[in-house]
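All values derive from a computational prediction rather than experimental measurement. A note on names: the letters A, B, ... follow the listed sequences, proteins ahead of strands, and every chain is numbered from 1.
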2 protein chains.
Amino acid sequence: MANIYAVAKEAKVSVATVSAVVNGTAYVSPQLKARVEAAVHKLGYQPNLLARSLAKQRSHMLGMIVPDIANPFWPEVVRGAEDAAHAAGYTLVLSNTDDDPRKEELYLRLFLAKRVDGILLAKSPGRLSREMAALLGVGRIPLVKLFRARNDLPGDAVLLDDRQAAFEAVSHLVRLGYRRIGMIMGVKEVSTGRRRLKGYRDALEQAGLPFRPELCRPGDYRVQSGYSGGLDLLKLKPDAVFISNYLMAVGFMQAMRQYQIRCPQDVAIVTCDDHPWLDSFAPRLTTVNFPKYTAGAEAARVLVERLANRGRAARTIELRSSLTIRDSCGYALQQAAAQRA
Amino acid sequence: MANIYAVAKEAKVSVATVSAVVNGTAYVSPQLKARVEAAVHKLGYQPNLLARSLAKQRSHMLGMIVPDIANPFWPEVVRGAEDAAHAAGYTLVLSNTDDDPRKEELYLRLFLAKRVDGILLAKSPGRLSREMAALLGVGRIPLVKLFRARNDLPGDAVLLDDRQAAFEAVSHLVRLGYRRIGMIMGVKEVSTGRRRLKGYRDALEQAGLPFRPELCRPGDYRVQSGYSGGLDLLKLKPDAVFISNYLMAVGFMQAMRQYQIRCPQDVAIVTCDDHPWLDSFAPRLTTVNFPKYTAGAEAARVLVERLANRGRAARTIELRSSLTIRDSCGYALQQAAAQRA
DNA sequence: CTGAAAGCGCTTACAG
DNA sequence: CTGAAAGCGCTTACAG
């Protein structure tokens with residue numbers, strides 16, 4: 001592929017002039033400009049971004065770390081981040097950690113080696129190794145925390161209103177008259193999981209309901225944990241359950257199916273994460289709807305702004321969720337009953 | 001961040017020696033090696049991959065183009081590709097085209113400028129511009145076609161058995177006794193769409209059933225087209241429908257809901273794409289299950305092999321689908337009826 | 001076995 | 001306004 005020297009030769013100018021017209025970075029007389037443009041076109045010249053990055057010491061790449069793109073929570077987040085990144089002239093490089101700190105470490109190291117300009121991090125459980133923390137600090141590479149906040153990680157953050165979301169979900173169940181409300185928890189080692197648990201407890205407390213630890217089952221945001229948690233929890237006869245994400249709800253439904261327990265007639269459910277297809281299948285899930293696309297886009301924007309202005313104080317943005325009421329909470333059922341009465 | 005010169009200075013050797021030990025590319029005496037390693041550790045040296053790529057003329061990046069990562073068909077494909085790419089020492093850069101040829105052109109150009117070593121392409125409708133075709137040809141940059149094949153695009157391909165998949169799905173419906181079978185088609189300008197339509201027609205023909213064009217509604221793999229197609233199609237009273245992907249099935253279900261038509265009692269459905277959550281919600285969808293993760297991984301592997309061996313003749317790999325029978329096709333219903341009889 | 005030096009393809013002060 | 005040259009951080013023949 002033609003390089004800048006070939007273009008300069010063809011146009012009979014210096015490479016500085018070619019660079020100036022290609023980047024519009026300095027005035028070039030119309031005649032020279034025309035000659036350069038003709039040469040660029042003739043040779044099909046595409047500036048080598050690798051070389052440019054090396055020279056400018058900016059790669060215009062952003063690294064993004066998520067647990068698993070195949071978990072349907074993440075694609076929209078990633079899409080939002082990608083659109084915003086591209087709009088700002090950045091390319092996004094994605095990695096999946098499966099919430100494994102070793103993979104995370106590996107990919108962070110790779111990002112550093114590739115000299116990404118900044119990082120979007122949905123942190124896996126646990127703290128960074130001292131070494132990685134030092135590397136990140138030394139390079140002064142901006143990092144924005146995505147959903148999963150940590151006090152030991154400095155910098156900007158865009159979060160969900162996890163506590164509030166869980167609080168509203170559970171309060172909704174309380175309002176519908178359920179008294180024995182269980183929970184399939186999120187990853188406890190991570191802020192989203194802890195905050196959702198807090199919301200659950202706060203809602204119970206406000207309703208004057210006791211907190212029963214045995215009704216709270218651990219989960220890891222995957223199908224299997226929702227299933228096994230459901231198998232255990234359902235034996236304890238809850239009348240409603242709040243589930244921390246969609247995939248665990250899927251597993252929980254498998255458990256209900258196995259026990260031949262109906263939703264919402266026997267056990268009501270409210271879930272986190274909304275999806276376009278939830279309206280089309282029964283039971284139609286009542287959910288707490290997080291603005292996923294917006295969150296990803298916002299995170300990328302915050303990172304890009306940070307790149308432009310390193311001095312500014314760190315920001316934390318918290319995005320609001322909204323309750324989408326459908327059938328699985330039993331609301332429609334109660335309405336129908338009221339109607340008949 | 002420390003560079004190779006700083007390390008060389010610290011270890012009192014030349015940069016060639018540092019390079020040799022960092023890359024294990026030549027024998028270095030134990031003493032020098034130890035000194036270099038100590039210096040690397042002390043300075044926290046991370047080789048700059050940008051510079052390495054420039055020097056070696058290989059970026060170790062793979063570009064991947066998909067329509068939309070937020071369409072649940074793609075995340076698993078991407079995850080497969082990413083895992084395989086990383087395993088082979090490559091980094092994947094992803095772009096979403098929304099099946100818009102202009103975005104596709106834009107991103108391809110970006111990939112070329114970034115000097116990716118190869119491209120995984122789920123082609124948007126239509127042919128490449130002459131210019132892009134020339135660029136791709138000139139750079140001799142390997143490209144593997146993902147699912148969407150085109151004769152005017154040379155190179156390796158990994159495909160789904162679209163025709164066979166559709167054939168089996170529709171034959172299954174025929175076997176269950178349906179005679180007025182409709183279809184929500186995929187994107188016709190793309191091979192997957194055409195091949196699935198072919199499978200549908202072949203199945204009808206083999207069953208001696210007439211092909212009725214009015215029962216085939218266009219679709220674009222998005223929810224909305226399944227919905228509006230469903231609204232139209234259902235007026236024609238089909239007894240069963242084959243739908244080309246999951247998102248359109250979601251839209252189709254919305255249309256059924258609106259008309260208060262039940263599935264499978266009134267209209268049976270078989271769909272393309274399986275998902276982990278389909279077991280948990282009603283109607284439980286009977287689907288043609290494509291090996292998505294494997295397909296992505298396979299495509300990345302084919303591309304990496306091509307990079308290692310440019311001479312070899314182009315390969316086309318076709319992956320087999322399998323029918324997953326659940327409730328939406330009415331099979332269970334018929335079984336129950338037979339039981340009673 | 002080890003090092004000096006050229007080259008990868010850009011950008012950018014600095015002269016003129 | 002334009003160009004010669006150094007620099008970004010690597011790799012890799014080529015001497016010795």
Check the pair B:Phe147 / B:Trp74 against ring-ring contact (aromatic ring centres under 6.0 Å, His included), numbers first and verdict last.
-> CA-CA 11 Å; B:Phe147 306 144; B:Trp74 293 101; 5.6 Å; yes
Apply side chain to side chain contact (heavy atoms under 4.5 Å, CB included) to the pair A:Leu153 and A:Leu121, showing each step before the final yes or no.
-> CA-CA 10 Å; A:Leu153 260 187; A:Leu121 177 64; 3.9 Å; yes
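With C:dC1, C:dG9, D:dG3 as the choices, the nucleotide that has an atom nearest any side-chain atom of B:Ser29 turns out to be C:dC1. Checking C:dT2, D:dG3, C:dG9 against every side-chain atom of A:Val13, the shortest atom distance belongs to D:dG3.
At least one side-chain nitrogen or oxygen of A:Asn3 sits closer than 4.0 Å to the OP1 or OP2 atom of C:dG9. Proximity of A:Ser14 to the phosphate of D:dT2: no side-chain N or O atom is located under 4.0 Å from OP1 or OP2.
Other residues, nucleotides and ligands place more than 12 heavy atoms under 6.0 Å from the CG atom of B:Asp152.
Between A:Tyr107 and B:His86, the ring planes are tilted. Angles from 30° to 60° get that label.
Between B:Glu131 and B:Arg109 there is a salt bridge, with a side-chain nitrogen of the basic residue lying less than 4.0 Å from a carboxylate oxygen of the acidic one. Between B:Arg301 and B:Glu305, no side-chain nitrogen of the basic residue sits less than 4.0 Å from a carboxylate oxygen of the acidic one, so the salt-bridge criterion is not met.
Look at CD on A:Gln57: it is 19 Å from P on C:dG9, rounded to the nearest Å. We find that OH of A:Tyr27 is positioned 12 Å from C1' of D:dT2, with the value rounded to whole Å. Atom NZ in A:Lys12 sits roughly 12 Å away from atom P in D:dG3 (whole-Å rounding). One interatomic measurement links the two molecules: NE2 of A:His60 to C1' of C:dC10, which rounds to 14 Å at whole-angstrom precision. The nearest whole Å value for the distance from the CG atom in A:Leu50 to the P atom in C:dG9 is 11 Å. The interatomic distance linking B:Lys114 (NZ) with C:dC8 (C1') rounds to 17 Å, in whole Å. A straight line from NZ of A:Lys9 to C1' of C:dC10 spans 18 Å, rounded to a whole angstrom. Rounded to an integer number of Å, the gap from A:Arg58 CZ to C:dG9 P is 24 Å.
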In B/S/- notation (B base, S sugar-phosphate only, - none; protein heavy atoms under 4.0 Å), nucleotides 11-16 of chain D written 5' to 3' is BB----
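Heavy atoms of A:Leu32 sit under 4.0 angstrom from primed sugar atoms or phosphate atoms, though from no base atom. Using a 4.0 Å heavy-atom cutoff across all strands shown, A:Gln31 reaches no nucleic acid atom at all.
Looking at residues two or more places apart in sequence or on another chain, you find no salt bridge (Lys or Arg N to Asp or Glu O under 4.0 Å) involving A:Glu37.
Considering B:Asp98, B:Asp99, B:Asp100 as possible partners of B:Arg102, the one that fulfils the salt bridge (Lys or Arg N to Asp or Glu O under 4.0 Å) test is B:Asp100.
Between the CE atom of B:Met132 and the CZ atom of B:Arg130 there is a distance of 14.0 Å, given to the nearest 0.5 Å.
With a 4.5 Å cut-off on side-chain heavy atoms, A:Leu303 and A:Met64 do not count as touching.
Counting only Watson-Crick and G-U wobble pairs whose two distances sit under 3.5 Å, DNA chain D takes part in these stems of three or more pairs: C:1-3 with D:14-16, C:5-12 with D:5-12, C:14-16 with D:1-3.
In terms of position along DNA chain C, the nucleotide closest to B:Ala26 lies nearer the 5' end than the nucleotide closest to the other residue of the pair B:Leu54 and B:Ala26.
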